[in-house]
Amino acid sequence: MASMNRFIKICIAVVLVFIIIYLGSLVSFVFKPLLSLLSIIMVPLMLASFFYYLLRPLVNWMERPKLNRPLVILIIYLVIAILLAVFIIGVFPSLRTQFFYLVNNAPNLLNALGKQLQDLEQTGFLSKILPEDVSPLSQLTEYLNKGFSLLSNYVAGMFSFFSGFAVILLTFPILLFYMLKEGDKFGQKIVSFMPKRFREEGTKVVHDIDNALSGFIVGRVVVNLLLGVLMFIGFLIIGLPYTLLLTVVAVIMNFIPFIGAILSAIPIVIIGLIESPSVAIWSLVIILVSQQIQDNIISPYIFGKQLDIHPLTTIILVLVGGDAFGIIGVIVIIPVYMIVKIIVVKVYQLFFKQKWEDA
């Protein structure tokens, strides 16, 4: 009888949630300004949160009685500005040269790619690995047209993004400054809204979420940088063109879970194939070996058991996040999943575990 009453209460609660959602959809115009504001501050807030977890350990380490927190943050800002100037003067020109040379040389590269595919087709190599009805030469133009179409749309989207870059440039450093200055108090303020009997558990949840996000973000940066070093050294050894540019793109793309590694490998292998089939094969070998070192040696050492997410779960999360919110959803879905998981586990332990085990 007690279990039946509990089931009825759960059903009523679910129905009430759906009713609230339905009523909210009827007055969606009320939430549109809030959604518009959220879309404007989303990117600056994400960047500020990302760098908050990267810089917070440094701020905590540098903070001294005679060196207060705001002054420490300003010093770090000054150092970052100097590093950016060094990057712009020392590294960026090489990246820019490689990028523009790649763009201007695109027609010649496409012709070279077609010649390489034609040579491989004549030798019978492609017929061994591709179905009989697949002709890479006949489909190359179609695929390239689709690729250029996607690239054009992407570039148009980038122009749209940079049109709002001024907002990001103005708001991101300010948000980051106050997060570094007051960040440790955010959790306390959230817990203060809870009933007193839940504040101890709420403090533990906030602490667990903070540790999980900190470990994930810092660990991801370290892992991707080490992966970039491995790939860069390997590409230099085999003589892959545009080594610096391709490595930087690969490191950035690897921040996107699962699909980032695949997407970054495609241009690397294509550029390698234009150089020669052997360079393409060795490029793929370097990518696979670097990924294996990352997944089996570097990541377990950096993350430990903090990132205990099954690969299948990661794939499903990435697909759902990308379908619902695009590239932003793909990037943030793993941290959001970690936060929701911590909260759900704690709620289960507090309200359901004992009752269900005694039932």
Q | Note, Lys181 side chain near Val59 side chain (heavy atom, < 4.5 Å) | A | no

(Q) Clusters formed by hydrophobic residues whose side-chain heavy atoms approach within less than 4.5 Å: which one holds Ile89, and what are its other members? (A) none

Q: Following the transitive rule for hydrophobic clusters with a side-chain heavy-atom cut-off under 4.5 Å over Ile, Leu, Val, Met, Phe, Trp and Tyr, establish whether Val86 and Val79 coincide in one cluster.
A: no

Q: Would you kindly confirm whether Ile88 and Ile82 end up in one hydrophobic cluster when ILVMFWY residues are joined by side chain heavy atoms under 4.5 Å apart?
A: no

Q: Would you name the heavy atoms of Thr247 and Thr243 that are closest together and state the gap between them?
A: OG1-O, 2.7 Å

Q | Val345: side chain to side chain contact (heavy atoms under 4.5 Å, CB included) partners, not counting sequence neighbours | A | Lys341, Gln349

Q.
Using a 6.0 Å cut-off, check whether atom CZ of Phe87 has over 12 heavy atoms from anything other than its own residue.
A. yes

Q. Who pairs with Glu63 by salt bridge (charged side-chain N to carboxylate O under 4.0 Å, His left out), at least two apart in sequence or on another chain?
A. Arg69

Q. Under the 4.5 Å side-chain heavy-atom rule for ILVMFWY, direct or indirect, which residues accompany Ile237?
A. Val229, Ile233

Q | Separation of Ile334 CD1 from Ile217 CD1 (nearest 0.5 Å) | A | 12.5 Å

Q) Looking at Phe172 and Pro44, what are the two nearest heavy atoms and their distance? A) CD1-O, 4.1 Å

Q: Could you tell me the separation between the CG atom of Leu245 and the CD1 atom of Ile271, rounded to the nearest 0.5 Å?
A: 9.0 Å

(Q) In the structure I gave you, are the side-chain heavy atoms of Val222 and Leu226 within less than 4.5 Å of one another anywhere? (A) yes

Q) How close do Ala212 and Ile342 get, heavy atom to heavy atom, and via which atoms? A) CB-CD1, 3.9 Å

Q | Rounded distance [0.5 Å steps], CG in Leu284 versus CD1 in Ile281 | A | 8.5 Å

Q) What's the shortest heavy-atom distance between Ala48 and Leu175, and which atoms? A) CB-CB, 3.9 Å

Q. Heavy-atom distance under 4.5 Å between the side chains of Val279 and Leu240, does that happen here?
A. yes

Q.
Strictly distance-based, threshold 3.5 Å: is any side-chain N or O of Tyr77 a donor or acceptor partner for the main-chain N or O of Pro173?
A. yes

(Q) Using 0.5 Å steps for rounding, measure from the OH atom of Tyr242 to the OG atom of Ser94. (A) 12.5 Å

(Q) Quick check on the hydrophobic clustering: are Val344 and Val332 connected, directly or via other members, by side-chain heavy-atom contacts under 4.5 Å? (A) yes

Q. Got a second to check how far Leu54's CG is from Ile76's CD1, nearest 0.5 Å?
A. 11.5 Å

**Q.** side-chain contact (heavy atoms from CB on, under 4.5 Å) evaluation trace for Ile262 with Met253
**A.** CA-CA 9 Å; Ile262 299 174; Met253 292 297 291; over 6 Å; no

Q: Please examine the side chains of Ile268 and Ile286, heavy atoms only from C-beta on, and report whether any two atoms are closer than 4.5 Å.
A: no

Q: Supply the atom-to-atom distance Leu246 CG to Phe232 CZ, rounded to the nearest 0.5 angstrom.
A: 11.0 Å

Q.
Side chains of Leu180 and Phe51, heavy atoms from C-beta outward: is any pair under 4.5 Å?
A. no

**Q.** With Phe177 via ring pair (Phe, Tyr, Trp, His ring centres under 6.0 Å) - residues at least two apart
**A.** none

Q. Side-chain contact, heavy-atom cut-off 4.5 Å: Val221 with Leu225?
A. yes

(Q) Go through it in stages, so that I can follow the logic: the residues are Leu176 and Leu55, the test is side-chain contact (heavy atoms from CB on, under 4.5 Å), and I'd like the CA-CA distance, side-chain angles, deciding distance and then a yes or no. (A) CA-CA 10 Å; Leu176 178 59; Leu55 297 177; 4.1 Å; yes

(Q) One pair to check against side-chain contact (heavy atoms from CB on, under 4.5 Å): Val251 and Met231. What are the steps and the verdict? (A) CA-CA 9 Å; Val251 170; Met231 295 175 68; over 6 Å; no

Q: Compare every heavy atom of Ser264 with every heavy atom of Ala261, then report the nearest pair and how far apart it is.
A: O-OG, 3.0 Å

Q: Indicate whether any N or O donor in one side chain lies under 3.5 Å from an N or O acceptor in the other, for Asn254 and Gln291.
A: yes

(Q) Give me each pair satisfying side-chain hydrogen bond (donor to acceptor under 3.5 Å, both in side chains) with a member in residues 271-288, each pair once, sequence neighbours excluded. (A) Ser276-Ser278

(Q) Would Phe255 and Asn224 count as a side-chain contact (heavy atoms from CB on, under 4.5 Å) here? Give the steps. (A) CA-CA 7 Å; Phe255 280 97; Asn224 285 353; 3.4 Å; yes

Q. Shared ILVMFWY cluster between Ile256 and Leu263, side chains joined below 4.5 angstrom?
A. yes

